[in-house]
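To start, the structure under review is shown below, and the notes come after it.
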Amino acid sequence: MRILLTGGTGFIGSHTAALLLEAEHDVVLYDNLSNSRAEVVDRLERITGRRPVLVVGDIRDEEAMRCALNEHRIEAVIHFAGLKAVGESVEKPLEYYDNNIVGTLRLLEAMRAEGVKSLIFSSSSTVYGTPKSLPLTEEMPTGEATNPYGRTKLHIEQILADCAKADPELRVVCLRYFNPIGAHPSGLIGEDPNGIPNNLLPYVARVAHGRLPKVRVFGNDYPTPDGTGVRDYIHVMDLAEGHVKALPYVTSHPGWIAINLGCGRGYSVLEVIRAFEKASGQTIPFEIVPRREGDIAANWGDPSRAEKLLGWRARYDIDDMCRDAWRFESMLEG
Ligand code: NAD
Ligand code: WQD
């Protein structure tokens, strides 16, 4: 198939591109490079032996989107592009609503104009809000988002559901990711955020590498087995595979559906630190600090819908995730 990936040079987009190229799909990456680098294209060529097309453009530029869809005769879009830092979204709500929501509206208009009817959207477990019970299933109502970033995901899901209702030919799959971590086993692509990382894994990786002094563990008084926060971490390669498996589904099922992508079990912050110590052979100093505002105690999903509808289930465990994240991290400049 001919597939366009908005945000395709980013963390999850680039890993998905690697698998799509290996599966002989034609891949166009459409990205404004606000949080990624064009060099990813060279890396993807080294990994897969095939070079994706890169179109440098913004999803809010409807004309440029239309051109890309038309010129490459795109059959399906995977929509990764967006801003994703929770804290920053509180500081800059307008930027987040404009980039994520307006950007998605422009993309939908461009798809309508060019007759592209299949869309996979990067949603997030954040749409469930504070869990009332675990594991989270897609039948549960979405919750109250606690920050502008989360609200963009919730609103976009609803906008997509409305559009699918209005156009019986439109086919939309919202993949609700839990906590993606890890890197490609080659070590050539991975996650290396600008500035101080907000998320646990890139932070732990930098401490292991000596780029940061110690991990701050946000609270050890949660109602969890060791008191630290529990999350459903998922290897980015498993997540990427989920998109590949969602393609035949999305191209053949009109309507709108949400599907969880997670492992279905949680690990605590301390378990993650221990697993990373094992993977890296480094001691990882940490200190317990107060809870981070807006954090929930525990979060994990029920991935059985993905297994039933897509034939997908996660294959990698926390040790695999830490091993691959460490390989990528240790190949970076110190
Ligand atoms: P990322 O920042 O690495 O990738 C996003 C890409 O989108 C970047 O390459 C960026 O340059 C591009 N982009 C941003 N705004 C754009 C615009 N207006 N036009 C064109 N390109 C634009 O992030 P990621 O971790 O790969 O996340 C991909 C998607 O998955 C995002 O929508 C994110 O919200 C969602 N998601 C991520 C996580 C996570 O923890 N990483 C969890 C759940 C959902
Ligand atoms: C994981 C655990 C922290 C950093 C966020 C978004 C979510 C999704 C994924 C996009 C928690 C603890 C963290 C640190 C710590 N993104 N922690 N010290 O908060 O589950 O999810 O990213 O959709 O929407 O909210 O991920 O990696 O930030 O935190 O102790 O320096 O690690 O308290 O328990 P989170 P995270």
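For ligands, and for the atoms within them, numbers begin at 1 and follow the listed sequence. Small disclaimer: the values here were computed from a predicted structure and weren't measured.
When hydrophobic residues (I, L, V, M, F, W, Y) are linked wherever their side-chain heavy atoms come within less than 4.5 Å, the members clustered with I196 are I181, L200, L201, Y203, V204, V207, L212, V215, V217, Y233, Y267, V269, L270, V272, I273, F276, I284, F286, I288, I318, M321, W326.
Using modelled atom types, no side-chain atom of R313 and backbone atom of P303 make a donor-acceptor pair closer than 3.5 Å. In this structure, N260 contributes its side chain and L136 its backbone to a donor-acceptor pair below 3.5 Å.
Between S268 and D226, the side chains place a donor N or O and an acceptor N or O closer than 3.5 Å (distance only, hydrogens not considered). S122 and Y177 share a donor-acceptor pair across their side chains, judged by distance under 3.5 Å alone.
A heavy-atom cutoff of 4.0 Å around ligand 2 is satisfied by the protein residues V86, S124, T126, Y149, N179, N198, N199, L200, R216, V217, F218, G229, R231, Y233, V269, R292, D295. Protein residues having at least one heavy atom under 4.0 Å from any atom of ligand 1 are G7, T9, G10, F11, I12, D31, N32, L33, S34, N35, S36, G57, D58, I59, R60, F80, A81, G82, K84, N99, S122, S123, S124, Y149, K153, Y177, P180, listed by chain and number.
Side-chain rings of H79 and Y30 stay apart, their centers remaining 6.0 Å or farther from each other.
Applying the salt bridge (Lys or Arg N to Asp or Glu O under 4.0 Å) test to every pair with at least one member in residues 3-25, sequence neighbours left out, gives no pairs at all.
By the 4.5 Å heavy-atom criterion applied to side chains, L154 and I156 are not counted as neighbours.
Neither F80 nor V55 shares a network with the other; the hydrophobic side chains, linked directly or stepwise wherever heavy atoms of I, L, V, M, F, W or Y lie under 4.5 Å apart, form separate groups for each.
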